[in-house]
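Okay, so here's the structure we're looking at.
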Amino acid sequence: MTGSFEEIIARDQRIEPRDEMPDGYRATMIRQISQHAHSEIIGMQPEGTWITRAPSLRRKAILLAKVQDEAGHGLYLYSAAETLGVDREDLTERLISGKQKYSSIFNYPALTFADVGVIGWLVDGAAICNQVPLCRSSYGPYARAMIRICKEESFHQRQGYELLMTMMRGTDGQRRMVRDATDRWWWPSLMMFGPPDAESPNTAQSLAWRVKRHTNDELRQRFVDLAVPQAEALGVTLPDPVLRWNEERGRYDFGEVDWTEFKQVIAGNGPCNAQRIAQRRAAHEDGAWVREAAEAYAAKEAVA
Amino acid sequence: MNWPLYEVFIRGRRGLNHVHVGSLHAPDDEMALRNARDLYTRRNEGVSIWVVRAKHIAASSPDEKDPFFAPSGDKVYRHPTFYEIPDEVPGI
């Protein structure tokens, strides 16, 4: 059974690459998927700096596997974006020239090894809240990529939380590192869900197209409700003086995110924006000889 | 530089068909297989990989869907449930 774009969406079926789709839908999906891919690729950097300084071989192997997963997630997503008719090289160019954005969270630095744990717990935890509903996104290749990604993210969050539990059983200095990292990452993690619903003009259209399944504020609330008991179990206090259980709502009340900071980081003025792009550009340019050599070899083999 | 696009198919376990899992870019077939292993089987998801250049795949298009698949639509007699067999007949 087939039908028009609207009929397929209304039946909650998936749109596939060669189906007809409105230009706006195609543009929205290209933007969302490529920004998501860029975020995974840039997301390798904050924790990647700790690979050579991990405190044990166990932690080093885990961190390597995790950062390799982020690369893999980026590639699944670029692959999904390409089904909409964009070019991989072009997407890379749009990232390193600053024409396309990536998640603002990766413009904050990972200052200590406790940050590796907090990134896994909070940043990957927030990512999971965002991504699980995207497994039912209306665009088939994106939804399928998200299913793979979500399966792998669960390891990311758990390794981070386990790392933090280990540090909390350690010295006073280690506990201070965990609390300090939690203080620094809590609010940026809440920003990951995007602007408040009242200031998110694209949300209604994205919900209608079933590109999104929940609003930013719904997902943010869900994340807070999950994170508070996890913080208690860990023995850390979240840096929000108004955070408290609301019996009536059956959910946690929490403070207002500093949206001025969010806008500043999006605008390119976060602590690490320039560094992240410079590093990605350097990796791309420094790898040019490898790509050229592989291509020369392929050309030689094709003749032989 | 633009490496060709490959589509990747993985056999998850012995006894199953290869299933399409996604795509990747690689300079040649050998690199496509190696990249596919690193990208799509980091957790033992496969026992065999096929890669094929995307441009070599011929596909039916959704626009043709109705006429293309229509011939099978009116042949209900190809399904076992089309035939009425009394309940008391065993093993059929």
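By convention in this document, chain letters (A, B, ...) are assigned in the order of the sequence lines, proteins followed by strands, and residues within each chain are numbered from 1.
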Can you tell me if [X] has over 12 outside heavy atoms packed within less than 6.0 Å of its [atom1]?
| X | atom1 | result |
| --- | --- | --- |
| B:Arg42 | CZ | yes |
| A:Arg158 | CZ | no |
| B:Ile92 | CD1 | no |
| A:Asp23 | CG | no |
| A:Lys300 | NZ | no |
| B:Asp74 | CG | yes |

Decide yes or no for A:Tyr76 and B:Val21: does some side-chain heavy atom of the first lie under 4.5 Å from some side-chain heavy atom of the second? no
### Query
Are B:Arg43 and A:Asp69 within salt-bridge range, i.e. N to O under 4.0 Å?
yes
- Is the side chain of A:Ser79 donor-acceptor paired with the backbone N or O of B:Leu24 at a distance under 3.5 Å, no angle test? no
**Item:** Side-chain donor/acceptor of A:Arg88 to backbone N/O of B:Trp3, under 3.5 Å
**Value:** no
Closest heavy-atom pair, B:Pro27 versus A:Ala298, reported as atoms and distance to 0.1 Å, is O-CB, 3.4 Å
Given A:Arg148, A:Lys151, A:Arg144, the one with more heavy-atom pairs under 4.5 angstrom with chain B than any other is A:Arg148
One should read off an interatomic distance between B:Met31 CE and A:Glu301 CD, to the nearest 0.5 angstrom, of 12.5 Å
Between B:His25 and the options A:Glu82, A:Arg291, A:Glu89, the side chain to side chain contact (heavy atoms under 4.5 Å, CB included) test singles out A:Glu82
If one checks every heavy atom of B:Glu30 against chain A at 4.5 Å, the contacting part turns out to be neither
